[in-house]
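Worksheet: the structure to be examined is printed underneath.
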Amino acid sequence: MSRFRIADQPFDIAPLRARLLHERAGAFAAFEGWVRDHNEGRPVHGLRYEAYVELAEAEGERILGEALEKFGILDACAVHRVGDLAIGDLAVWVGASAAHRDAAFDACRWIIDEVKARVPIWKHERYADGHAGWLHPRQTTPSDAG
Amino acid sequence: MAKVTLLYFASLRDAAGASSETLETAAPDLSALYGEARSRHGFALPVERLRVAVDGAFARWEDAVRDGAEIAFIPPVSGG
């Protein structure tokens, strides 16, 4: 079963958490990225995510595989939304289970940063002033995290 | 000449007015192919800010243009 998925509809996080349960796991960490009502000082009304799905799922899978090796965690998975999202909607979910909390926290943080930097997904924001546009950042930094 | 399908996403799709196009090209490599598309559609992003993929896998700009390939120009990503 693939660890990374692009979802074009809202998704339930309970089954994602459940699939990371493991008898050897003593820790689980999750990250949720939500749609916020502003970006760089501009009020945002809503947004749309678009992905190159085939490549996004392959690259996401690669990131999660790398995380398993790099942090020695037991398992990890992630789902990223595409389509129209409203303020407060869940945009991305990442979870990692590990024997101990340090690895779970570290892997979770690393995965979301890599997803933001590498996976072909684009955000189109609609602003309160009527403008709208695609975000093509020069460099993705953790402070951009949703 | 190679017959290829180009995929456009996000701002590139908006500028091209289409999510894909099929065309014949004599471009020697993927970088030159983007240059052709950029001048045809007026893309603002220079090649240095993009990545490129062929048939669903990341590729290198200096790779040759293969007949029948599906080529995607990947603008800077903004997921998360």
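In what follows, every heavy atom counts, from backbone to side chain, and hydrogens, waters and symmetry copies are set aside. In what follows, every chain begins at residue 1, and chains take the letters A, B, ... in the order their sequences are listed.
Using a 4.5 Å heavy-atom threshold, the side chains of A:W122 and B:P75 count as touching. Proximity of B:S11 to A:H136: side-chain heavy atoms (C-beta onward) are separated by under 4.5 Å at one or more points.
For a heavy-atom cut-off of 4.5 Å, chain A lies close to B:R13, B:D14 in residues 13-38 of chain B. Annotation: residues 63-73 of chain B contacts chain A through B:E70, B:A72 [non-hydrogen atoms, separation under 4.5 Å]. Residues of residues 77-85 of chain A that come within less than 4.5 angstrom of chain B, heavy atom to heavy atom, are A:H80 in numerical order.
In terms of hydrophobic clustering, with Ile, Leu, Val, Met, Phe, Trp and Tyr side chains grouped at heavy-atom distances under 4.5 Å, B:L50 and A:Y52 are assigned to different clusters. A chain of hydrophobic side-chain contacts below 4.5 Å, direct or via other Ile, Leu, Val, Met, Phe, Trp or Tyr residues, connects A:V115 to A:W110. Side-chain heavy atoms closer than 4.5 Å link hydrophobic residues (I, L, V, M, F, W, Y) into clusters, and following such links, possibly through other members, connects B:V54 to B:Y8. B:W61 and B:F43 fall within a single hydrophobic cluster, where Ile, Leu, Val, Met, Phe, Trp and Tyr are joined by side-chain heavy atoms under 4.5 Å apart, directly or via other members. No chain of hydrophobic side-chain contacts below 4.5 Å, direct or via other Ile, Leu, Val, Met, Phe, Trp or Tyr residues, connects A:L55 to B:L6.
Scored by the salt bridge (Lys or Arg N to Asp or Glu O under 4.0 Å) test, A:E54 finds no partners at all (sequence neighbours excluded).
Remark: side-chain polar atoms of A:R118 are not paired, donor with acceptor, to backbone N or O of B:V77 under 3.5 angstrom. Listed for the B:S78 side chain is a donor-acceptor partner under 3.5 Å among the backbone atoms of A:K123.
In the displayed structure, A:R101 atom CZ is contacted under 6.0 Å by at most 12 heavy atoms of other residues, nucleotides or ligands. Environment of CZ in A:F11: crowded, with over 12 heavy atoms of neighbouring residues, nucleotides or ligands closer than 6.0 Å. Counted within 6.0 Å of CD on A:E69, heavy atoms from surrounding residues, nucleotides or ligands total 12 or fewer; the atom is thus considered open. At most 12 non-hydrogen atoms from other residues, nucleotides or ligands lie less than 6.0 angstrom from NE2 of A:H100.
Between the CD1 atom of A:I121 and the CZ atom of B:F9 there is a distance of 11.5 Å, given to the nearest 0.5 Å.
If you measure heavy-atom distances from B:A53 to chain A, the contacts under 4.5 Å come from the side chain alone. For a residue to count as touching a neighbouring chain, one of its non-hydrogen atoms must lie under 4.5 Å from one of that chain's; by this rule A:Y49 touches chain B with the side chain only.
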